[in-house]
Structures are given as structure tokens and as C-alpha cells.
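Each chain gets a letter, A, B and so on, in the order its sequence line appears, and its residues count up from 1. All values derive from a computational prediction rather than experimental measurement. What's counted below: heavy atoms across the whole structure, side chains too, no hydrogens, waters or symmetry copies.
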Amino acid sequence: MPLDLYNTLTRRKDRFEPLEPGRVGLYVCGPTVYDFAHIGNARPVVVFDVLYRLLKRLYPSVTYVRNITDVDDKIIKAAADNGEAIEALTERTAAAYHQDMAALGTLPPDIEPRATQHIGRMIAIIETLVGAGHAYAAEGHVLFHVPSMPDYGQLSRRSQDELVAGARVEVAPYKRDAADFILWKPSTPEQPGWDSPWGRGRPGWHIECSAMSGQYLGQTFDIHGGGLDLIFPHHENEIAQSRCAHGGAPLAKVWMHNGFVTVNGDKMSKSLGNFFTVRQLLTEGHSGEAIRLALLTAHYRQPLDFSRDGLHQAKAALDRWYTALRSAGPVPDGVSATTAEIEELLFPTLAALEDDLNTPLAVSHLHELAGQLNKARTPSDQVRSRAALLAAGAMLGVLGQDAEEWFKGAATEGLSATDIEAAIDARTAARKAKNFAEADRIRKELAAAGIVLEDAAGKTTWKRSA
RNA sequence: GGCGCGGUGGCAGAGUGGUGAUGCAGCGGACUGCAAAUCCGCGUACGGCGGUUCGAUUCCGCCCCGUGCCUCCA
């Protein structure tokens with residue numbers, strides 16, 4: 001099955017072919033580390049994690065680069081507000097980011113470069129741009145001169161006239177053209193800064209990605225991803241810098257952008273204050289797996305309205321799948337499924353993902369596989385459907401834990417597993433004695449503590465129903 | 001003003017020029033001491049108005065509503 005991906009540059013789904021057979025380079029814009037990641041920040045991480053898993057399955061060599069922006073004016077401000085050293089803030093926030101993204105079941109990228117460790121390369125690119133007449137120094141700043149690039153604006157499909165007409169900010173006096181953007185800016189003594197040919201300063205927002213993608217993936221690579229709001233100006237400017245520094249070579253072949261997470265229809269954003277952090281939801285007791293699935297229930301280019309109800313629906317789906325896995329019981333000796341058998345069952349899920357990451361359709365195929373597992377009557381059918389369900393789950397990055405653990409979980413409060421099992425034994429004895437009043441009393445007592453009992457095949461199992 | 005996205009059954013959410021996914025919720029049935037889970041069955045859903053077509057939710061036009069970007073933003 002071929003892989004089709006929607007390319008923002010062409011505005012249509014295109015058949016994907018790696019630039020070099022068997023090798024794929026993927027660059028995704030990572031976090032600016034000054035605060036906890038919210039669900040809107042998490043969406044691209046989860047979406048591109050699914051892409052990464054798919055690419056790894058389809059191609060022998062995949063290099064996934066996701067940067068950490070650890071120099072930025074928001075960081076300077078947050079550190080000042082906290083009375084915290086910049087480095088302490090960025091280290092702390094980056095560590096929290098790693099924890100939270102791991103909780104969402106995302107694989108770490110192959111390379112996670114930090115902006116502050118690539119200043120030299122940024123300066124070199126800026127020097128090249130100045131030398132080629134695409135950039136100029138003015139009042140300690142270095143700016144990219146947008147009119148020097150005739151085909152600027154292809155990604156966002158904006159003409160330079162429109163940019164000027166729509167400019168909503170005051171144009172700095174040192175700009176030759178209103179659309180020119182900053183490559184390097186001066187730092188005051190208390191701001192972080194590096195020596196450069198233009199004095200002590202720090203990089204502008206866009207140049208870091210040009211430096212890091214170029215270093216790890218080369219001048220032209222396969223896929224560049226990020227959120228919709230990065231199309232303009234960030235990615236447009238990244239393209240301008242990189243192409244003008246590289247003799248016009250394209251930066252990335254495919255540009256992918258995920259849609260926004262909204263709350264009651266409005267974009268979730270830090271400035272609006274309508275955000276849920278991943279950490280907050282995890283603390284409330286939502287599983288990272290349910291958060292992840294909630295983010296995958298809408299197609300990645302569609303807006304996703306986030307709500308706790310959506311989270312509960314995702315959990316219900318996971319309950320259904322884990323129930324199927326748990327009910328199937330242990331695999332009998334000597335029964336196994338062949339790779340070909342599993343692949344056949346996995347095919348629809350894979351085909352859905354290969355069609356521009358149609359995760360909602362893939363989710364429906366997981367439901368189909370769970371249904372097949374529930375209906376399986378022979379050990380070989382069970383083993384086959386179970387293996388296929390697990391493999392399909394792995395494509396989405398879910399169903400990675402043991403089903404018993406999913407249901408019995410780590411209870412931070414309430415009854416321990418030992419207490420529960422003792423109560424179940426007492427109830428089983430009562431049932432054997434046909435003392436159903438006592439059996440029901442125990443069931444009710446456990447239910448009040450959030451424990452649901454299920455009598456099946458002569459054995460009683462339990463789960464926490466939070 | 002420029003550029004863009006969306007409006008599918010109670011909810012979430014795919015998809016398609018013609019037998020209208022999937023899940024949740026709801027209803028009925030099987031199973032169960034009772035439940036739960038599971039299985040079986042059940043729904044005159046495609047914002048409005050025109051057009052193209054034998055046939056449109058799907059293509060085209062206009063309109064309405066919501067929403068995003070236009071140098072903080074995933």
C-alpha cells in the first residue's frame with residue numbers, strides 16, 4: 001500500500017516517495033520550554049508520533065528530529081517573573097515535557113537538538129544570507145529582506161502586497177521593508193546573548209529551525225511538520241532563510257500541519273487562558289492513553305474540540321478493547337498465529353493510516369478487531385484476533401499495557417487488591433451457599449468503593465470504575 | 001480587507017455521485033441467581049437555496065452560521 005500525505009505546499013494529498021529510497025527525514029517543531037505543555041501543544045506530538053511509527057514500519061531508516069527552543073523572549077520573561085535562572089527554567093520545563101509526552105505514549109525523537117547548542121551554525125547561515133544580499137544589519141539587528149526572494153510566500157499563499165496591507169504591528173524603523181523579519185537581535189547585558197559579527201545578541205525565532213534541520217537532515221529533507229499556526233510566519237520564514245542560504249534548494253518536500261485543539265469552539269491557547277495542561281489532566285486521574293486516544297479520534301487536519309466528555313469516550317473505547325483482550329484469556333500452548341494471518345487482519349488499519357493518517361477510521365478498525373476477538377470461538381481465532389488488535393493498537397500507540405493492569409490499575413486511594421479479592425472470596429462462598437442476599441450485599445459494598453465485579457466462566461473478575 | 005478551515009443521526013466522528021462506517025448514549029432480545037461484560041436486532045443524519053446529473057450528503061454557484069491565520073502561538 002502506498003502512503004499518501006496531504007501537503008500544505010501543494011494543498012492536496014500527494015503520493016509520498018522518500019527523496020532517497022528507504023530513508024526518511026522528519027522534522028517537527030518542538031516546544032519552547034517556559035511552561036507546561038497543554039493539550040494543544042500535545043496534539044502535534046501525538047499526531048507526528050503516529051506518523052513516525054508508520055514511517056518506521058514502511059521504511060528501513062527514519063530520522064525524526066524534534067527541537068527544543070530554549071532561547072526565546074517568552075523564556076526570558078517567564079524566568080524573570082519566576083525569579084528563576086533561565087537555564088533552571090528551561091531544564092525543568094524540558095524535563096516536565098519529556099515526562100508528559102512519555103505519559104502520552106509518544107516515542108522520543110531520534111535527535112532532539114537545542115537551539116542554544118546551535119548558535120554557531122545560525123550565525124553562519126545569517127552570514128551567508130548577508131553575503132548573498134538576502135539580509136542586512138541595522139541597529140544591531142540583522143533582518144531578512146523579504147523582497148530579495150521573488151517567490152516568497154508559496155507555503156502560506158500570500159503575496160507580499162497582502163502582507164504589507166495586513167500588517168497589524170508597527171513596523172520597526174530599521175526595517176527596509178515591512179515584511180522583513182529578524183534573524184538576529186541585540187541582547188542587553190542581563191539577557192542571554194552570544195558574540196556575533198553584529199555584536200552580542202541572540203537569534204530570532206525562525207533561524208534555529210533552519211540551522212538544526214540543515215545540520216541533522218541536510219539542505220532538503222522529506223517531511224516537515226507542525227501546527228497550523230506555524231504556516232505563517234514561522235515556516236514561511238524558515239523556507240525563505242534556508243532556501244536563500246542553500247542556493248534555492250527546497251527545504252522540505254512535504255509540509256504537514258495539524259489542526260487546532262479548541263475549547264467550546266475557540267482555539268486553545270495560552271493567551272486566551274482556556275487550556276488544559278497534560279499534567280493537570282494526568283493529575284486528575286485521566287490516563288495518558290485515554291488523552292492520547294482522544295487526540296486521535298478526529299483526523300489530524302480537522303479541528304478537535306477538547307472536553308472531558310471526549311476523554312471519557314476515549315476511555316470507554318479503551319475499556320472495550322482491554323475487555324476483549326482480558327476476556328480472551330491466556331494463550332493455549334501450541335497455538336500461534338502466522339505473520340501473514342496477522343497482517344491480513346491488520347491491513348485495514350494500516351491502509352487507513354497510509355491514507356493521510358486517517359486515525360478515526362483506524363480506530364473503527366480496532367473496534368472491528370475487538371468485536372472479532374469477542375466473537376472468536378476457537379483458540380486459533382482468538383490468538384489471531386488478539387495479535388491483530390495488539391498490532392493495530394501499536395500503530396496508534398495504544399494497548400501497550402497489560403489488560404489486568406489497565407482495569408485494576410494503581411489505586412492511590414480506596415481498597416487494595418488484597419482487600420478486594422478477600423471480599424470476592426467471601427461473596428463466592430455466599431453464592432455457593434445460595435446466600436444471594438449476602439452476595440449482593442458484598443457486590444454493593446464494593447460498588448460503593450468503585451469496584452465493579454463481573455462473574456464469568458465460573459470466575460469473578462473485577463475492575464475499578466473511576 | 002486578504003488568505004484559509006469547518007457545519008454529517010442525542011453526542012463523538014469517518015466516508016462516498018447510486019445498497020448511508022464506527023464508538024458512546026437510547027430501545028428490544030439472548031445470556032446471567034441478580035448484575036456486569038459480551039453477542040443479536042433497532043435510527044427517514046449529511047446548514048439553506050439554486051445548478052449539473054437518470055441520480056448529490058458527495059461536483060458547481062450563491063447565502064447563512066462558526067472558526068483560524070495575517071509577524072506571541074502547536
Take atom [atom1] in [N] and the same atom in [M], then report the distance between them in whole Å.
| N | M | atom1 | answer |
| --- | --- | --- | --- |
| B:rG47 | B:rC11 | P | 13 Å |
| B:rU58 | B:rU16 | C1' | 6 Å |
| B:rG18 | B:rU22 | C1' | 22 Å |
| B:rC60 | B:rC39 | C1' | 47 Å |
| B:rU44 | B:rC54 | P | 30 Å |
| B:rA45 | B:rA21 | C1' | 13 Å |
| B:rC27 | B:rA35 | P | 14 Å |
| B:rA14 | B:rC72 | C1' | 35 Å |

* To do: If the plane angle is over 60° it's perpendicular, under 30° parallel, otherwise tilted; pick one for A:Trp255 and A:His235.
  =>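 A:Trp255 and A:His235: tilted rings.
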* Give the ring-plane orientation class for A:Phe232 versus A:Tyr152, where under 30° counts as parallel, over 60° as perpendicular and anything between as tilted. =>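 It falls in the perpendicular class, over 60°.
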When you check the gap from the basic side-chain N to the acidic O, do [X] and [Y] get nearer than 4.0 Å?
| X | Y | value |
| --- | --- | --- |
| A:Glu438 | A:Arg441 | yes |
| A:Arg377 | A:Asp381 | no |
| A:Lys13 | A:Asp356 | no |
| A:Arg243 | A:Asp151 | yes |
| A:Arg92 | A:Glu84 | yes |
| A:Asp180 | A:Lys175 | no |
| A:Arg427 | A:Asp455 | yes |
| A:Asp73 | A:Lys77 | no |

Nearest to the [X] side chain among [options], which nucleotide is it?
| X | options | answer |
| --- | --- | --- |
| A:Phe260 | B:rA36, B:rG68, B:rU71 | B:rG68 |
| A:Asp455 | B:rC34, B:rC24, B:rA37 | B:rC34 |
| A:Glu454 | B:rC73, B:rA37, B:rU71 | B:rA37 |
| A:Ala316 | B:rA37, B:rA21, B:rC24 | B:rC24 |
| A:His367 | B:rC24, B:rU22, B:rC69 | B:rU22 |
| A:Trp205 | B:rU22, B:rC73, B:rA74 | B:rC73 |

* **With sequence neighbours excluded, residues passing ring pair (Phe, Tyr, Trp, His ring centres under 6.0 Å) with A:His118** =>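 Ring pair (Phe, Tyr, Trp, His ring centres under 6.0 Å) check on A:His118 returns A:Tyr216.
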Could you tell me whether [X] contacts a base, only the sugar-phosphate backbone, or nothing, with contacts defined as non-hydrogen atoms closer than 4.0 Å?
| X | value |
| --- | --- |
| A:Gly371 | sugar-phosphate |
| A:Val261 | base |
| A:Gly40 | base |

Using atom [atom1] of [X] as one end and atom [atom2] of [N] as the other, report the distance to the nearest whole Å.
| X | N | atom1 | atom2 | value |
| --- | --- | --- | --- | --- |
| A:Ile76 | B:rC72 | CD1 | C1' | 13 Å |
| A:Lys74 | B:rA74 | NZ | C1' | 11 Å |
| A:Ile231 | B:rC69 | CD1 | P | 11 Å |
| A:Leu389 | B:rG23 | CG | C1' | 14 Å |
| A:Arg158 | B:rG1 | CZ | C1' | 13 Å |
| A:Arg157 | B:rG2 | CZ | P | 18 Å |
| A:His224 | B:rA74 | NE2 | P | 13 Å |
| A:His257 | B:rC69 | NE2 | P | 14 Å |

Donor-acceptor pair under 3.5 Å: do we get one between [X]'s side chain and the base of [N]?
| X | N | answer |
| --- | --- | --- |
| A:Asp229 | B:rG68 | no |
| A:Arg43 | B:rA74 | no |
| A:Lys270 | B:rC72 | no |
| A:Asn41 | B:rC73 | no |

Presence of [X] side-chain N/O under 4.0 Å of [N] phosphate oxygens OP1/OP2:
| X | N | answer |
| --- | --- | --- |
| A:Trp321 | B:rG23 | no |
| A:Lys375 | B:rC40 | yes |
| A:Lys267 | B:rA74 | no |
| A:Asn374 | B:rC39 | yes |
| A:Asn358 | B:rG15 | yes |

* Would you mind telling me which residue lines up with the more 5' stretch of RNA chain B, A:Pro360 or A:Ala456, judged by nearest nucleotide? =>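 Counting from the 5' end, the first nearest nucleotide belongs to A:Pro360.
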* **Toward the 5' end of RNA chain B, by each residue's nearest nucleotide, A:Leu230 or A:Leu272** =>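 This one resolves to A:Leu272.
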* **Members of residues 422-438 of chain A that approach RNA chain B, where some heavy atom sits under 4.0 Å away** =>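 Going residue by residue through residues 422-438 of chain A, the ones with a heavy atom under 4.0 Å of RNA chain B turn out to be A:Arg427, A:Arg431, A:Phe436.
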* Kindly state which residues belonging to residues 287-306 of chain A come within less than 4.0 angstrom of RNA chain B, counting heavy atoms of the residue only, listed by number. =>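 Close to the strand are A:Thr297, A:Ala298, A:His299, A:Gln302.
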* To do: Among residues two or more places apart or on two chains, list those pairs meeting ring-ring contact (aromatic ring centres under 6.0 Å, His included) that have a residue in residues 431-452 of chain A.
  =>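 ring-ring contact (aromatic ring centres under 6.0 Å, His included) check on residues 431-452 of chain A returns no pairs.
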* **All side-chain contact (heavy atoms from CB on, under 4.5 Å) counterparts of A:Glu284, not counting sequence neighbours** =>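 With sequence neighbours excluded, A:Glu284 shows a side-chain contact (heavy atoms from CB on, under 4.5 Å) to A:Gln280, A:Leu281, A:His286, A:Arg308, given in chain and number order.
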* To do: Let me know which of A:Glu208, A:Lys74, A:Arg114 forms a side chain to side chain donor-acceptor pair (under 3.5 Å) with A:Thr69.
  =>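 Of the listed residues A:Glu208, A:Lys74, A:Arg114, the side chain to side chain donor-acceptor pair (under 3.5 Å) partner of A:Thr69 is A:Glu208.
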* Considering only heavy atoms from C-beta outward, does the side chain of A:Ile207 approach that of A:Gln241 to under 4.5 Å? ->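 Yes; the side chains approach each other to less than 4.5 Å.
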* Asked: Taking a pair as Watson-Crick (N1 to N3 plus N6-O4 or O6-N4) or G-U wobble (N1-O2 and O6-N3), both under 3.5 Å, which stems of 3 or more consecutive pairs involve RNA chain B?
  ->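 Correct response: B:1-7 with B:64-70, B:10-12 with B:22-24, B:26-30 with B:38-42, B:47-51 with B:59-63.
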